[in-house]
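Numbers here simply count residues along the sequence, with the first being 1. Just so we're clear, the structure is a prediction, and the values are computed from it rather than from any experiment.
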Amino acid sequence: MNNISLHRLIFRDWREQIWLGLMLLACIISALVVVHFAHLNRQLTIAQDGLYQQRDQLDIEWRNLILEQRALAEHSRVEEIARNKLQMVRPAAEQDIAVTVP
């Protein structure tokens, strides 16, 4: 008989305090959600920093390629290669032919 009355008392107290239990459960769940999203935020920040470093490295490489392109396209260099490697010469004035478009 004591077990039954004790059981009823516990059940009655639990029913009266159900909101307290639900609020405690909601607090625990919200704390876990905050921890989860803070972890995701840290991971995304690390990934973003890696992408920024990659962007900076690609920007440096692009600038170096632009400098190399300008150096290779200089008129004096092109003229030297045409003269030495291809044995090209500048045509004389009497060899120029002018073409007119009707």
**Message:** If hydrophobic residues (ILVMFWY) are linked whenever their side-chain heavy atoms come closer than 4.5 Å, directly or via other members, who joins Leu32 in its cluster?
**Reply:** Leu24, Ile28
**Request:** Check side-chain contact (heavy atoms from CB on, under 4.5 Å) between Ile18 and all other residues, then give those that pass, not counting sequence neighbours.
**Result:** Trp14, Leu22
**Asked** Can you name the side-chain contact (heavy atoms from CB on, under 4.5 Å) partners of Ile29, sequence neighbours left out?
**Response** Leu25, Val33
**Asked** Do any pairs count as a salt bridge (Lys or Arg N to Asp or Glu O under 4.0 Å) and have a residue in residues 41-55, sequence neighbours left out, and if so which ones?
**Response** none
**Asked** What pairs with Gln54 under side-chain contact (heavy atoms from CB on, under 4.5 Å), at least two apart in sequence or on another chain?
**Response** Leu51, Leu58
**Fill in**
By side-chain contact (heavy atoms from CB on, under 4.5 Å), Leu65 pairs with (sequence neighbours left out) Glu61, Glu68
**Item:** Arg63: salt bridge (charged side-chain N to carboxylate O under 4.0 Å, His left out) partners, not counting sequence neighbours
**Value:** Asp59
What pairs of donor and acceptor atoms, side-chain ones from residues 69-86 against any protein atom, are under 3.5 angstrom apart with sequence neighbours left out?
from: His75; atom 1: NE2; to: Glu79; atom 2: OE1; distance (Å): 3.4
from: Arg77; atom 1: NH1; to: Leu72; atom 2: O; distance (Å): 3.4
from: Glu79; atom 1: OE2; to: Arg83; atom 2: NH2; distance (Å): 2.8

**Request:** Please list, chain by chain and in numerical order, all residues satisfying side-chain hydrogen bond (donor to acceptor under 3.5 Å, both in side chains) with His39, sequence neighbours excluded.
**Result:** Gln43
**Prompt:** For Val35, which fellow cluster members are found when Ile, Leu, Val, Met, Phe, Trp and Tyr are connected by side-chain heavy-atom distances below 4.5 angstrom, either directly or through intermediates?
**Reply:** none
**Asked** Okay, side chain of Gln53, backbone of Gly50: is any donor-acceptor separation there less than 3.5 Å?
**Response** no
